[in-house]
Structures are given as C-alpha cells and as structure tokens.
Amino acid sequence: MRQNDSSSDVVIIGAGPYGLASAAHLRAKGVETRVFGEPMSFWERHMPRGMFLRSAPSASSLGDPTGRLGLSQFRSAHDLPAAKPVPIDHFVRYGHWFQQQAVPHVERRTITRVSTNARGFHVRVADGEEFHARRVVVATGISNFAHRPPEFEHLPLMLASHSFDQDDLGRFARKSVVVVGAGQSALESAALLHEAGATVEVLVRRPATFMIPDVKVTGVMKAVRKALSPIARPPFDIMGPRFISWLIAWPRMYRHAPLSLQRFLTWKAVRPGGSGWLAPRLQSVAITTACHVVAATATPDGSRVRLQLSNGTDRVVDHVLLATGYRVDVNRYPFLAPALREGIRTRNGYPALAAGFESSVPGLHFLGTPAADTFGPLCRFVAGTPYMARALTRFITSLNGERADRSEPVLNDALA
C-alpha cells in the first residue's frame, strides 16, 4: 500500500463523455484535476457492434472549451463521411481522439474506495495509492445500474443476459432469441440479431411500440432555429417533441419546476421508443405487444429457457436478451464508503443535487444520468456534456459557487 500525504484539488472518477468533457473544461481553467478510468470503456465494451447513436451528429459532440474538438472536426481530420445516424465505432474513435487532444493524462486505474475526512475525501486506488482530494466528481455513467427483472435473476448469463453484457450479437447466429424491452436498445438489438441470422421476437409490455419520427427540417423550422440560435439550439430529434426538447435544454429551469411538470417532461423525453430509421430493419422481426414474461425457467437439460407469457402462451428459446434499461441507485456505487453513501440524500435512488451538481455531501458531485432526477433528461444524453462541464467548472472556480451560479442569466443554461 502506497500511503502518502499528497492531495488533489478535483478527482474525476470515470473517463466517458461526461468525465472527459468536465476534465477538459476544468483543466482549461487551471484547476488541478486527476481523471481515473478507461476512456470510453462503456461505449467500447458494452454496446453491440453495428449499433448507431440515437442522437444526430449535431447533438453528439463532447463539451469542448475550445470549440475545436467537435464530432464534425474529428470526421474532417480523419476523412470520415458525415453519416447519419452516427455509427458507434465512429463515436468511440471520436471519444478517444477527444481524450488525446483535451485530456491526454488519464490514469487508467480503478478507484476502489472514497471516504470523507477532514480535508475533504480520502481516495484509494486499486494499486494501493492513497491520497486526499478536495472534491470528487462521479462520472462513471450507468455501468453499475443495469436492471435485471426478478423473473430472470436465477437464470445464468448463458440463458438470460442484459444488453450491457453483449458487445457482439453475431454470436447468436442461428439461435432463437427473445428480446425484452421497447426502447432503442431493444429494437436496435432485435434488428442486429435478425441481420446476424438469429430468429428473433420482441416482447413489449405496452399495447404498441413507439417510433420516433425522422425530423424533416422545413423552411419554417430553419427560421425558428435561426431565431432561437442566440438562446438555444436543442437537439430536437432525441428528446421527444420539439417543444419538449426546447424546455429540457434549460436544466436549471427544470430543477426549479414543479415535480408534476418534471415528471411530464421526463416521460415525454425518454419514454421507450426507437428511432424512425429503425423501422425498415424491423419489418421482418416479430414484435408481440401487450405482453410480458410471467415466469422464466431453464429447460431440464439446462440448454434453453422456457418463458411463460402473460397472454397465456409459452416460448422455448436459446436466449433472452434483457434490454430492460438502467435504474440509478447510489447504493450500487462500489467505491463509495458505506458512511459516505449514507450521507447522500436521495430520491428514488438518484442523488438529490444542488448547484454545481453537488450532493448533500459537500464536495461530492454527480454527472450524467445520476443528475437527471434534479436537472432533467438532458443529463442522459451526450448533448448534455457542454452544459454540465461548463456549469461544474463555473461552480468549482467560483469563490462562492452557489451565488455565482444563480446570478448568471438563465440563457446561459441553454445548449451552445
């Protein structure tokens, strides 16, 4: 164990889009920042090959303080076509390029424990290093929160896996697979499985699937965007209806909105659905709606899984792919000391956050999806990295972060 008296101003745990964008902004302001994690690991290891981003290219750039490291600049530098939708492998390569340009010093090591002390936080690394940090920013994404419904908890991964566990759906060629879910992950996984030669059926609990229509930018829409450009340019195509997207592009306003309005906006923005461009690829895929799994058991020889469905029918298949989403729960962060977790005020598992995405434990911040319960659905998308990186940096570099954050014009909350 390498125990010393060293300290750091800010430690960021996680090197995905939010961690990298925030580190770039903090370092640009001269804030001593250490970043821990494998860059873009979730996107590289837990997203099936052949997938595309749900967001458009214009809403898929990481927050960059210089304005020179966007997705379009990466494509130009590497002679890549301006494809829409954006292939996952292009986005992963872009993330690594962004990291090399903006945050070259990432410590590819694992933080195993964070606890509070008189100087802020005591941080322990897997290789034994221990040090102090004034602030800790948790930007580990959703890896810890994959939701596996209780009906499948007793089944081994060879029979029932979460979409998080799969990076190559081609392994299911010539297999029968049931996909559980109705969101982008479920529907696109079903398309990839079908294209790989699997026999696929999608089970959807709701009466119908929802497909997000492709947005046609008309002359009127262009005029509206131009008129709003000094205020906001929200990614209209990824967060529900256009007006809903525009409202969600103001996270601080969302934070102070009535709970009923917050829930309405969230439902409209992130309800289960697939991108319109998926529809042609699903024409030959069986989709059973108004149906869910009541019970799941392994066959006597343990090689397949039998599903009892709510409509009274059964299925016997080789595998069940659970595209059942992610549920944030602060208690599932393995590196937070128990006493520290107990001090975090939560709502439905999400940390309750104040200005600067600071939790009820002073100096402990949460970025990305865990911040969505307080600041809205924008935090779930890559499009939220510019706002969150700027706001976090503004808070940390201010002598009085809370007052400075509230005194700035609300228009600064809009997407740049």
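What's counted below: heavy atoms across the whole structure, side chains too, no hydrogens, waters or symmetry copies.
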S.K.: Just do the side chain to side chain contact (heavy atoms under 4.5 Å, CB included) check on Val35 and Ile13 with the steps written out, would you?
M.R.: CA-CA 6 Å; Val35 184; Ile13 306 175; over 6 Å; no
S.K.: Are Asp89 and Arg49 within salt-bridge range, i.e. N to O under 4.0 Å?
M.R.: no
S.K.: For the pair Gln184 (side chain) and Ser275 (backbone), establish whether a donor and an acceptor sit closer than 3.5 Å, ignoring hydrogens and angles.
M.R.: yes
S.K.: Provide the closest heavy-atom pair for Val317 versus Val320 in the form atom of the first, atom of the second, distance.
M.R.: CG2-CG2, 4.2 Å
S.K.: For residues 353-364, pull every pair meeting salt bridge (Lys or Arg N to Asp or Glu O under 4.0 Å), keeping only residues two or more places apart or in separate chains.
M.R.: Arg135-Glu358
S.K.: Where do Ala296 and Val305 come nearest, in terms of heavy atoms and distance?
M.R.: CB-CG2, 4.4 Å
S.K.: With heavy-atom distances below 4.5 Å as the criterion, would you say the side chains of Ser176 and Arg304 are in contact?
M.R.: yes
S.K.: Is it the case that the ring center of Phe52 lies less than 6.0 angstrom away from the ring center of His90?
M.R.: no
S.K.: Atom CZ of residue position Arg263 - does it have more than 12 heavy atoms of other residues, nucleotides or ligands inside 6.0 Å?
M.R.: no
S.K.: May I ask you to test the Glu188-Trp277 pair for a side-chain heavy-atom distance under 4.5 Å?
M.R.: yes
S.K.: So, for Ile248 and Ala269, which heavy atoms are closest and what is the spacing to 0.1 Å?
M.R.: CD1-CB, 3.3 Å
S.K.: Determine, step by step, whether Arg34 and Glu107 satisfy the salt bridge (charged side-chain N to carboxylate O under 4.0 Å, His left out) criterion, reporting the C-alpha distance in whole Å, the side-chain angles of both residues, the deciding distance to 0.1 Å, and the verdict.
M.R.: CA-CA 8 Å; Arg34 295 179 69 177; Glu107 302 185 50; 2.7 Å; yes
S.K.: Flag yes if more than 12 heavy atoms outside Arg345 fall under 6.0 Å of its CZ atom; otherwise flag no.
M.R.: no
S.K.: Do we get Arg252 above Tyr387's six-membered ring, with its NZ or CZ under 6.0 Å from the centre and within 45° of the axis?
M.R.: no
S.K.: State the CZ-OG distance between Arg341 and Ser115, to the nearest 0.5 angstrom.
M.R.: 12.0 Å
S.K.: Look at the side chain of Ser163 and the backbone N and O of Ala323, then say whether any donor-acceptor pair between them is shorter than 3.5 Å.
M.R.: no
S.K.: Do Ser7 and Arg119 touch side chain to side chain, with heavy atoms closer than 4.5 Å?
M.R.: yes
S.K.: Please test Leu322 against Phe164 for side chain to side chain contact (heavy atoms under 4.5 Å, CB included), starting from the C-alpha separation and ending with a verdict.
M.R.: CA-CA 9 Å; Leu322 304 171; Phe164 172 83; over 6 Å; no
S.K.: Just by distance, do the side chain of Gln100 and the backbone of Pro104 share a donor-acceptor pair under 3.5 Å?
M.R.: no
S.K.: Check side-chain contact (heavy atoms from CB on, under 4.5 Å) between Glu342 and all other residues, then give those that pass, not counting sequence neighbours.
M.R.: none
S.K.: Go through the steps to decide whether Arg315 and Glu201 satisfy the test salt bridge (charged side-chain N to carboxylate O under 4.0 Å, His left out), and finish with yes or no.
M.R.: CA-CA 10 Å; Arg315 303 286 189 276; Glu201 180 181 9; 2.8 Å; yes
S.K.: Taking the six-membered ring for Trp, are Phe357 and Phe375 closer than 6.0 Å centroid to centroid?
M.R.: yes
S.K.: Checking ring pair (Phe, Tyr, Trp, His ring centres under 6.0 Å) for the pair His162/Tyr326: CA distance, chi angles, key distance, verdict?
M.R.: CA-CA 10 Å; His162 194 276; Tyr326 298 80; 5.2 Å; yes
S.K.: Please determine whether side chain to side chain donor-acceptor pair (under 3.5 Å) holds for the pair Ser60 and Ser55, giving the CA-CA distance in whole Å, both sets of side-chain angles, and the decisive distance to 0.1 Å.
M.R.: CA-CA 6 Å; Ser60 301; Ser55 56; 2.8 Å; yes
S.K.: Measure the CG-CD distance between Leu157 and Gln166 for me, rounded to the nearest 0.5 Å.
M.R.: 8.5 Å
S.K.: For the residue pair Val138 and His365, establish whether any side-chain heavy-atom pair is separated by less than 4.5 Å.
M.R.: no
S.K.: Using modelled atom types and a 3.5 Å cut-off, is there a donor and acceptor pairing between side-chain atoms of Thr385 and backbone atoms of Gly63?
M.R.: yes
S.K.: Within the side chain of Thr393, is there an N or O that forms a donor-acceptor pair under 3.5 Å with the backbone of Ala389?
M.R.: yes
S.K.: Give the C-alpha distance, both sets of side-chain angles, the deciding distance and a yes or no for side chain to side chain contact (heavy atoms under 4.5 Å, CB included) between Thr140 and Phe42.
M.R.: CA-CA 9 Å; Thr140 53; Phe42 176 85; over 6 Å; no
S.K.: Counting heavy atoms not belonging to Arg205, are there more than 12 under 6.0 Å from its CZ?
M.R.: no
S.K.: Drop me the distance from Leu321's CG to Leu203's CG, to the nearest 0.5 angstrom.
M.R.: 11.5 Å
S.K.: Compute the ring centroids of Phe172 and His319, then answer whether they are less than 6.0 Å apart.
M.R.: yes
S.K.: Just by modelled atom types, is the Pro272 backbone N or O under 3.5 Å from a matching donor or acceptor in the Arg206 side chain?
M.R.: no
S.K.: Show the numbers, then the answer: is there a side chain to side chain donor-acceptor pair (under 3.5 Å) between His46 and Ser143?
M.R.: CA-CA 9 Å; His46 302 286; Ser143 295; 5.3 Å; no
S.K.: Do the two ring centres, one from Phe145 and one from Tyr333, sit under 6.0 Å apart?
M.R.: yes
S.K.: Please check if any side-chain donor atom of Thr369 sits under 3.5 Å from a side-chain acceptor atom of Tyr350, or the reverse.
M.R.: no
S.K.: Evaluate ring pair (Phe, Tyr, Trp, His ring centres under 6.0 Å) for Tyr94 paired with His78, printing each intermediate quantity in order.
M.R.: CA-CA 10 Å; Tyr94 163 59; His78 295 82; 9.7 Å; no
S.K.: Can you see which heavy atom on Asp9 is nearest to which on Arg134, and at what distance?
M.R.: OD1-NE, 2.5 Å
S.K.: Do Val177 and Asp318 have side chains that approach each other closer than 4.5 Å (heavy atoms only, starting at C-beta)?
M.R.: no
S.K.: Is the shortest heavy-atom distance from the side chain of Phe74 to the side chain of Phe98 under 4.5 Å?
M.R.: no
S.K.: Answer yes or no: is there a donor N or O on one side and an acceptor on the other, between the side chain of Tyr18 and the main chain of Gly141, under 3.5 Å?
M.R.: no
S.K.: For Glu195, is there an ion pair with Arg281 - N to carboxylate O distance below 4.0 angstrom?
M.R.: yes
S.K.: Taking Gly67's backbone N and O only, do any of them form a donor-acceptor pair with Gln73's side chain (distance below 3.5 Å, no angle check)?
M.R.: yes
S.K.: What is the minimum heavy-atom distance between Ala191 and Leu278, and which atoms define it?
M.R.: CB-CD2, 4.2 Å
S.K.: How close do Ser185 and Ser189 get, counting heavy atoms only, and between which atoms?
M.R.: O-OG, 2.7 Å
S.K.: Within this structure, what is the CD1-CD1 distance for the pair Ile111 and Ile12, rounded to the nearest 0.5 Å?
M.R.: 11.5 Å
S.K.: In Å, rounded to the nearest 0.5 Å, how long is the span from CD of Glu153 to CZ of Arg148?
M.R.: 7.5 Å
S.K.: Test side chain to side chain contact (heavy atoms under 4.5 Å, CB included) on Leu392 and Leu367; report intermediate values, then the result.
M.R.: CA-CA 9 Å; Leu392 177 73; Leu367 299 183; 4.0 Å; yes
S.K.: Do His122 and Thr116 have side chains that get closer than 4.5 Å, going by heavy atoms?
M.R.: no
S.K.: Quick check for you: to the nearest 0.5 Å, what is the distance between Leu193 atom CG and Thr199 atom OG1?
M.R.: 10.0 Å
S.K.: Look at the side chain of Arg27 and the backbone N and O of Thr33, then say whether any donor-acceptor pair between them is shorter than 3.5 Å.
M.R.: yes
S.K.: Ion pair present between Asp373 and Arg347, side-chain N to carboxylate O less than 4.0 angstrom?
M.R.: yes
S.K.: How about Val125 and Thr110: do any of their side-chain heavy atoms sit closer than 4.5 Å?
M.R.: no
